[in-house]
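Read the structure below first, then the notes.
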There are 2 protein chains.
Amino acid sequence: MPRARLLAIARQAFAELGYSGASMSAIATRAGIRKPSLFHHFPTKEGLYVEAVGAALAPMGALVELAAGGDHGFLVRLDRLGELVTDYLGAHPEAARLLVREVLDSGPFLSAPSQPAGVVLDAVRAFLEAGMDAGEFARADARHLALSIVALHLFYFAADPLSGAQIEGSVFDEEQIASRRAAVVGQVRTLVTGS
Amino acid sequence: MPRARLLAIARQAFAELGYSGASMSAIATRAGIRKPSLFHHFPTKEGLYVEAVGAALAPMGALVELAAGGDHGFLVRLDRLGELVTDYLGAHPEAARLLVREVLDSGPFLSAPSQPAGVVLDAVRAFLEAGMDAGEFARADARHLALSIVALHLFYFAADPLSGAQIEGSVFDEEQIASRRAAVVGQVRTLVTGS
DNA sequence: GTCTATACATCGATAGAC
DNA sequence: GTCTATCGATGTATAGAC
């Protein structure tokens with residue numbers, strides 16, 4: 001059983017059941033092995049969690065830096081950011097849920113001062129403020145705006161069965177991702193330029 | 001130890017730690033009693049959860065019905081809805097977190113077909129569509145819009161330590177609630193009328 | 001690397017004294 | 001109503017055979 005496969009299985013279990021709800025025994029069973037075999041690869045549950053979840057969350061921070069930077073106009077970069085985030089969350093069904101759980105549980109990736117959530121929020125807020133200063137975005141409270149934009153991105157994919165009941169079919173189907181991308185880019189653009 | 005006090009303590013524990021993470025022993029300790037004493041009041045953990053969390057979530061559905069109905073214009077009702085929801089979530093620090101956890105865990109209040117989350121989402125979507133038909137809201141995908149509006153309401157309060165780091169002070173301070181209320185009403189208004 | 005067997009703590013839940 | 005004591009199952013983790 002390759003290590004990467006175990007990490008993927010654990011990631012899915014943590015996303016579905018949360019840290020407390022996903023036992024080492026349950027993860028091992030999903031992988032088709034016994035509990036001690038899983039402990040052989042990962043000596044502690046916490047270590048497994050950090051490695052499995054960290055791999056899914058790290059790209060998010062990189063994404064924001066990638067799109068927020070660059071020499072295009074603020075509106076173009078904003079659209080690009082929304083598309084990249086939507087595509088990433090759509091392509092990795094566990095990512096949004098893991099991130100929201102981290103937020104609710106104040107997990108290890110939020111406690112650390114230099115980790116995704118806090119850094120990403122600061123980056124988004126700074127980007128919005130810069131866009132306001134440049135006159136491309138309407139003047140508004142950038143802190144509340146940043147939190148709302150992050151919220152609307154994460155919740156849709158994290159709430160999968162609920163979101164899927166609103167639209168038809170699965171949230172992670174290619175067509176639905178394209179549909180969400182269009183909707184969310186329009187919404188965010190309206191939010192930062194309107195009123 | 002009055003029953004209502006036990007329910008409040010349990011509610012807080014479930015909000016902080018989740019269903020799996022909040023043990024009957026931990027809840028009993030918070031209440032200053034022993035585990036069997038807690039079991040005397042609530043024979044099963046699941047029963048305690050349903051009663052404690054149900055009391056916090058039921059008012060949310062009533063709120064939406066209350067504000068979405070009425071004979072005012074759609075924009076006025078929309079503003080009122082945003083204010084009521086923000087005030088309720090601000091006054092009950094566990095509510096948003098409990099609701100988001102219910103969504104992630106597909107808890108008992110989501111599985112049931114007639115329960116808060118699904119019903120509320122449908123009500124919000126129907127309200128948005130009616131407003132579009134009336135010409136007060138801009139034509140857009142009401143399903144995606146409803147999901148984003150719910151997201152931006154819930155996430156801000158559910159992400160307390162994270163949101164609190166962006167603004168200064170606690171999310172549940174009166175001043176901060178007023179600040180959020182103004183921001184969120186403006187954002188939602190922009191979302192439904194803009195573009 | 002995977003297994004059986006096991007250690008020790010905690011889980012949800014019960015029995016019965018006070 | 002609250003307690004001590006305990007049940008059986010399950011939690012994380014380890015020892016040691018193959």
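Below, chain A is the first sequence line, B the second, and so on; all start at residue 1.
One N or O on the side chain of A:Ser163 and one on the backbone of A:Tyr156 form a donor-acceptor pair closer than 3.5 Å. Checked by atom type and distance alone, the side chain of A:Ser148 pairs as donor or acceptor with a backbone atom of A:His144 at under 3.5 Å.
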Tabulate protein N/O versus nucleotide N/O from nucleotides 12-15 of chain D, keeping only pairs under 3.5 Å, one per line.
| residue | atom | partner | partner atom | Å |
| --- | --- | --- | --- | --- |
| D:dT12 | OP1 | A:Met24 | N | 3.4 |
| D:dT12 | OP1 | A:Lys45 | NZ | 2.9 |
| D:dT12 | OP2 | A:Met24 | N | 3.0 |
| D:dT12 | O4 | A:Lys35 | NZ | 3.2 |
| D:dA13 | OP2 | A:Lys45 | N | 2.8 |

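Ion pairing between a basic and an acidic side chain is recognised when a charged N comes within 4.0 Å of a carboxylate O; A:Arg139 and A:Asp133 show such pairing.
Each of B:Arg181, B:His92, B:Arg180 was compared with B:Asp87 under the side chain to side chain donor-acceptor pair (under 3.5 Å) criterion, and only B:Arg181 meets it.
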Apply salt bridge (charged side-chain N to carboxylate O under 4.0 Å, His left out) to residues B:Glu129 and B:Arg143 and explain how you reach the verdict.
CA-CA 9 Å; B:Glu129 283 170 350; B:Arg143 304 164 306 170; over 6 Å; no
Salt bridge (charged side-chain N to carboxylate O under 4.0 Å, His left out), that's the test. Do A:Arg189 and A:Asp79 meet it? Break it down for me.
CA-CA 7 Å; A:Arg189 189 180 259 265; A:Asp79 289 355; 2.6 Å; yes
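First and last contacting nucleotides of DNA chain C toward chain A (any atom under 4.0 angstrom from a heavy atom, 5' to 3' order): C:dG1 to C:dA5.
Contact annotation: the side chain of A:Val188 approaches that of A:Leu152 to within less than 4.5 Å [non-hydrogen atoms, C-beta and beyond].
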